[in-house]
Every structure is written in C-alpha cells, then in structure tokens.
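Both ligands and their constituent atoms are indexed starting at 1 by order of listing. These figures come from a predicted structure and were not determined experimentally.
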Amino acid sequence: MEKILILDFGSQTTALIGRRIREFGVYTEIISGDTPLTDVILRDVRGIILSGSPESVYADGAAVDRRIYNCGLPLMGICYGLQRMNADLGGLVEPLPRHEYGGVEVTVRNEKWEIGNGKNTACFLNGFNPEISLDDILNNAPHLSTLTPQSLTFTAWFSHGDTLTQLAPGFRQIGTSAIGFPAVIVHEEKPWFGVQFHPEVSHCQRGSEILAVFVFGVCNTERNWTMERYVEEVRTNLSQRIGANSVLLLISGGVDSTVAGALLLKTLPVEQVHLMYVDTGLMRKDETASVKKVLERLGAKHLHIVYAEREFLAALKGKEDPETKRKTIGDLFITVQEREVAKLGLSDTYFLVQGTLYTDLIESGKGVGKKAHIIKSHHNVGSPLVDAKRKTGRVIEPLDCLYKDEVRKLGRLLGVDEEVVRRHPFPGPGLAIRILGEVTKEKCGILREADAIFIEELKRRGLYDEIWQAFSVLLPVRSVGVAGDSRKYGYVLALRAITSSDGMTADVFPFPSKDLLEISTLITNTESEIGRVVYDVSSKPPATIEWE
Ligand code: XMP
C-alpha cells in the first residue's frame with residue numbers, strides 16, 4: 001500500500017501528523033528518526049516527513065540516515081525536521097534570542113518560481129493559497145501546479161527555540177515569521193520542503209492544506225487507506241507473529257483493552273486467547289458484569305475474572321495520601337497480576353498483548369522517537385511482568401499508533417458494543433482517586449451509585465457524547481443539611497464534566513443549568529448519604545482532570 005513515512009524525532013505532535021494524513025485516506029508509518037532506511041522500509045513510500053523534536057540539531061539531536069537525501073523521494077521537514085535537513089545539507093541552525101511559542105504570523109511571498117522544481121513548488125505553494133480549499137486539494141491535486149500561488153499572511157503554530165540562520169545551498173526562503181526568521185523554505189531543484197511551524201496542529205491556519213499539498217500535489221499519493229484495510233494488515237501481522245502460541249491480554253474494562261481483545265478474538269482461534277480482568281472493587285457500577293457480557297459476546301472462551309476487592313480495600317485501609325494510594329494500588333495490582341498469571345500455567349512462549357495507544361506512550365515518555373520527553377508518568381504502561389516479556393520481544397501493542405477516536409472506529413468495525421466504544425476514559429486506580437482521603441467499601445458504594453445516576457442522566461439527556469469525560473468525586477467532608485424535620489450531615493459530591501481531545505488539556509463542559517440542577521436534585525433525593533452536590537469549574541491546566 002502506498003504510504004507516507006514519518007521519521008519521528010520525539011515531538012509531542014508526531015502522531016498528529018500521521019493522524020491528519022490518515023484522515024485524508026493515506027496510510028502513514030511512523031518510525032524512529034534514526035532508523036537505518038532499508039529497502040524494506042522504503043517499499044511503497046511516496047514521501048518522507050521529518051518530525052519536530054524537543055532537541056537541538058547542534059546538541060545531541062537524533063541523526064537521520066543520509067540515504068533520505070539520495071533516495072529521490074520528496075521530503076518535508078517540520079520544525080526540527082526542517083532544521084535537521086538544513087544542518088545536514090550545509091546550512092546553519094542557531095538558538096533564537098527567545099523561544100517562539102503559539103500562534104505567530106507568517107507571510108508567504110508569491111513570486112514567479114522559475115526554478116527546476118517549479119511544478120512541485122507551485123503545488124506546494126498552493127497550500128498557502130486562500131482560494132484553494134482542502135476539498136480542491138483532495139479531489140483535484142494535479143491541477144494545483146497550473147494555478148498561480150497567492151501571497152498570504154496567516155497564523156501558524158510555532159514551538160521552537162532554534163532557527164535557520166543560513167540556508168543550505170539550493171534552498172530558498174519563501175515564508176517569513178513575524179519576527180523575521182525563515183518559516184517556509186523550498187529547494188530549487190529537488191522536491192524538498194520545510195516549515196518551521198507545526199501544520200499538524202489544529203490551531204495552525206491552513207495546516208491541513210499544507211500537509212495535503214505535500215501528500216497529493218508533490219508526492220502524488222493515492223487515497224486508498226481505510227480503517228478496514230488497516231485492520232486487515234494488523235490482523236495479518238498478528239497472526240504471523242503469534243502463530244500457534246497463546247496470548248494474554250489484561251482487560252481493564254475500558255475502550256482500549258476491550259478493542260484489543262476484540263481484535264485478538266477476531267484474528268486468532270479463541271482457544272489461544274486468554275483474557276484476564278481484575279475486579280479491584282474500585283470499578284464503576286456493574287462494570288465487571290458488563291465486561292464479561294461484552295467479551296463473551298465477542299467469543300471469549302478463556303476469560304479469567306479475578307475478584308480482589310477485599311485485598312485492595314485492605315491494602316488501602318488508613319491510607320489518605322493520594323500518591324500513597326496510587327502506589328499501593330499499583331503495587332498490589334502487580335502482585336495480583338503475577339500470582340494470577342502464574343496460575344494460568346501458560347508456556348513461556350506466550351505473548352502479552354496490551355491495549356496501549358499512541359498517547360499513552362507519549363505521556364509515559366516512551367514515544368516512537370527515542371527522544372520523546374517525559375510529560376507524565378502515571379499511566380500504567382509498565383510492570384515487571386510487562387518488562388520481562390518486553391525483554392524477550394513478546395509484548396505486542398496493536399493499537400500503539402492509533403488515537404482514541406480511531407480506536408473507537410476500529411471497535412465499531414469489530415462489532416464491539418456501542419456502550420463500550422462510547423465509554424468515557426476511566427483511570428487505572430479507579431474510584432480510589434475519586435474518593436478523596438481514605439477509601440472504604442461504604443464510600444465506594446455511595447460513589448458508585450451516585451456516579452451511575454449522573455452518567456445515566458447524561459445519556460438520557462443526550463449530553464454524554466458531547467463530553468469527553470464525566471464523573472463524580474466523593475469529598476472527605478460532611479456538610480449540614482435538613483432531611484424532613486431533622487438536621488443531617490451528608491457527604492459532598494462534586495460532579496466533573498470536561499471537554500478535551502486527548503486528556504492532556506481540558507475545558508469545563510458548559511453544563512446547561514437546568515440539567516445540572518435536576519441531576520443534583522435526583523442524586524440527593526436518591527442517595528441519602530449525599531447532602532450536597534457541587535460542580536467543578538476548573539480547566540486543565542491549572543487543575544488536573546482527576547482530583548487526586
Ligand atoms: P489527569 O488527572 O492527569 O488525567 O489530568 C488525564 C487523563 O488520564 C486519566 N488518568 C489515568 N489513567 N491511570 C490511568 O490509566 C492513572 O493512574 C490515571 N490518572 C489519570 C484521567 O482519567 C484522564 O482521562
């Protein structure tokens with residue numbers, strides 16, 4: 001299948017480049033920026049994009065296989081990728097007097113480009129032509145080279161501390177940032193282009209058009225990638241790699257691991273597939289029963305459900321500090337996991353499959369590029385079992401280049417229940433980090449019931465799908481209220497509902513006040529232990545999504 005190869009140097013937005021291009025219907029592959037480019041890797045590649053990076057090319061930034069400069073393929077450098085090309089080809093890159101972040105104006109000049117690369121340059125420059133829409137590019141790319149590009153000033157999205165101070169021989173500067181540094185360059189002879197900003201980011205004006213003219217106008221790539229084809233490829237790879245061995249997947253009940261489970265069940269003989277789910281007692285209402293139902297409907301034969309509520313609650317007894325609680329749960333999870341997996345008696349050759357998404361890897365500092373910086377470390381990507389398996393090359397993460405919305409799409413395709421596919425994310429430590437302070441069975445029960453009312457009402461009122469994540473938090477204080485004729489001290493319940501695209505930043509969902517008031521009344525009327533309901537109006541940053 002024709003594809004665009006993305007060399008990843010560790011930018012937080014590398015996967016977004018792939019996602020944008022896949023949205024156009026073109027297959028992309030992301031590999032570490034310093035991977036040697038063999039014939040096998042370059043097979044069917046129509047163009048190469050060099051990603052951004054948190055590093056500097058003059059420090060220990062990853063080097064690229066110089067074969068990219070003589071393989072004849074079109075190249076596009078983004079941010080660090082542009083600096084990498086410029087430095088590799090004899091130009092100069094130096095630190096900026098001060099970093100340039102966020103929206104910055106860029107001006108692209110319209111000139112008659114009487115250069116060897118004229119046709120490609122005209123195509124590329126028409127990405128900046130305000131009269132040309134994304135649809136024009138997707139549906140009629142060849143005619144782009146016949147149109148005269150227009151000059152344009154637009155807002156691009158930057159995040160860089162270095163700049164080109166001298167262009168490599170053969171390059172021309174055609175776009176300049178508001179503070180006067182090169183923002184767009186093209187090569188006079190070769191199909192090589194570079195932008196200092198990030199066209200993959202949604203706030204970047206004309207970002208999609210710029211990527212699309214490269215992919216279709218310059219690289220002439222066919223639009224033939226669909227999720228259906230992707231599934232076929234992943235399934236073929238899974239079958240070849242796993243062969244007749246057993247596989248084990250730890251299911252959390254969330255979308256990602258359930259979709260990974262569906263993929264295994266629809267690919268391998270069900271006898272080979274072992275699914276394990278640990279009920280920590282910190283799950284949402286009816287979660288275990290629904291996980292069981294969904295997986296059995298997908299054909300699961302070896303579904304191991306471990307009931308460990310008592311163990312988890314005992315370990316959490318008396319613990320109030322959020323980090324101590326998280327660590328207690330994480331450590332016990334590993335102990336239970338190892339004990340229960342040992343009981344299965346699988347032979348050493350079994351494969352461990354994880355439902356890791358690309359964003360999980362990025363957030364854990366384990367992105368495809370070796371240089372991905374650690375942003376967050378609280379996601380449950382590693383454990384001794386996983387590490388040991390990884391050392392023997394027996395960990396498979398079939399969703400690791402997909403984003404959440406793509407996993408949802410894949411889930412639908414594989415026949416996973418709509419209820420699961422739409423489900424909001426749920427953190428590994430579960431209700432424990434939504435019960436502030438000490439966790440008890442009684443508090444879990446109260447929170448579980450109240451949260452079920454909240455979520456059910458959101459669904460009933462058609463609000464659930466507008467929200468990225470909604471949940472309730474039980475506060476460790478009681479407030480005064482009246483019930484009948486007497487005073488009572490009820491718990492305070494905080495409701496949280498946020499909009500987001502990946503959980504890394506979040507806005508408060510602007511709750512219709514009528515719904516909020518009605519839901520609050522319903523909760524206090526139904527749950528006698530709750531005396532008061534409040535709504536959390538904090539965005540992220542400065543707050544996090546979870547309270548602990
Ligand atoms: P925060 O609270 O850091 O959460 O803004 C961002 C997203 O991550 C989820 N989250 C977790 N997921 N294990 C997980 O699997 C965890 O320890 C964890 N902590 C937070 C959170 O629900 C939100 O979607």
Side-chain angles (χ1 to χ4, degrees), residues 12 249-260 277-280 282-284 287 291 312 315-316 319 321-334 336-337 354-366 374-383 386 397 399-400 402-405 407-408 420-436 439 447-448 451 454-455 458 464-475 494-509 536-548:
Q12 292 296 311
L249 170 72
L250 298 161
I251 297 271
S252 71
V255 184
D256 312 340
S257 57
T258 310
V259 172
Y277 168 86
V278 179
D279 181 341
T280 57
L282 306 166
M283 329 303 287
R284 290 167 282 192
E287 187 142 19
V291 166
F312 277 87
L316 285 167
K319 305 216 164 105
D321 173 62
E323 275 311 304
T324 312
K325 284 162 63 181
R326 275 177 180 273
K327 185 154 177 358
T328 304
I329 295 167
D331 290 350
L332 182 56
F333 202 89
I334 289 167
V336 172
Q337 189 185 55
Q354 300 213 110
T356 319
L357 304 194
Y358 194 87
T359 35
D360 298 331
L361 293 175
I362 285 286
E363 291 197 349
S364 309
K366 292 184 185 165
I374 294 185
I375 299 293
K376 288 207 283 181
S377 60
H378 68 200
H379 285 263
N380 318 320
V381 179
S383 76
V386 178
E397 292 169 314
L399 313 180
D400 68 354
L402 299 184
Y403 269 83
K404 194 86 168 183
D405 54 349
V407 171
R408 293 199 158 111
V420 177
V421 167
R422 292 158 64 204
R423 204 155 201 202
H424 291 171
F426 187 61
L431 299 185
I433 57 169
R434 296 178 177 174
I435 294 171
L436 305 199
V439 179
L447 178 59
R448 198 175 282 126
D451 192 58
F454 181 33
I455 299 300
L458 291 178
Y464 188 78
D465 292 329
E466 286 181 40
I467 296 169
W468 198 78
Q469 194 171 7
F471 56 91
S472 319
V473 181
L474 193 68
L475 305 191
L495 303 182
R496 184 115 170 96
I498 51 110
T499 56
S500 176
S501 59
D502 50 17
M504 285 161 93
T505 57
D507 287 317
V508 178
F509 176 65
D536 179 354
V537 290
S538 326
S539 60
K540 172 184 178 178
T544 49
I545 296 175
E546 302 292 344
W547 279 43
E548 280 197 340

Open item on the list: Checking contacts here: is it the side chain or the backbone of S252 that comes within 4.0 Å of ligand 1, counting heavy atoms only? Could be both or neither.
Closed with: neither

- [ ] Report yes or no: does W468 have a heavy atom closer than 4.0 Å to ligand 1?
- [x] yes

Open item on the list: Which option wins on minimum heavy-atom distance to atom 15 (O) of ligand 1: G428, S500, A432?
Closed with: G428

- [ ] Answer yes or no: is there an ion pair linking E287 with R423, defined by an N-O contact shorter than 4.0 Å?
- [x] yes

TODO: Taking all heavy atoms of I455 and all of A470, pick out the closest pair and write down the distance.
DONE: CD1-O, 3.5 Å

Open item on the list: Here's one to test your reading of the geometry: is the NZ or CZ of R422 within 45 degrees of the ring axis of Y464 and under 6.0 Å from its centre?
Closed with: no

- [ ] Please could you name the atoms of ligand 1 that T544 approaches to less than 4.0 Å, counting only its heavy atoms?
- [x] 1 (P), 2 (O), 5 (O)

TODO: Give the numbers and elements of all ligand 1 atoms closer than 4.0 Å to a heavy atom of K540.
DONE: 1 (P), 3 (O), 5 (O), 6 (C)

Task: Shortest non-hydrogen contact from S472 toward R434 - done: O-CB, 3.7 Å

- [ ] Take every heavy atom of H424, measure it against each atom of ligand 1, and state whether any distance is under 4.0 Å.
- [x] no

Task: Any N or O of I545 closer than 3.5 Å to N or O of ligand 1 - done: yes

Open item on the list: Below the 3.5 angstrom mark, is there an N/O of R434, backbone or side chain, next to an N/O of ligand 1?
Closed with: no

TODO: Check each atom of ligand 1 against the heavy atoms of P429 and keep those under 4.0 Å away; list them by number with element.
DONE: 13 (N), 16 (C), 17 (O)

- [ ] Mark yes or no for whether R326, through its side chain, and E548, through its backbone, hold a donor-acceptor pair below 3.5 Å.
- [x] yes

Task: Atom indices of ligand 1 within 4.0 angstrom of R326 heavy atoms, with elements - done: 16 (C), 17 (O), 18 (C), 19 (N)

Task: Closest contact, heavy atoms only, F509 versus T499 - done: CD1-CG2, 4.0 Å

Task: Validation row: W468, P425 side chains within 4.5 angstrom (heavy atoms) - done: yes

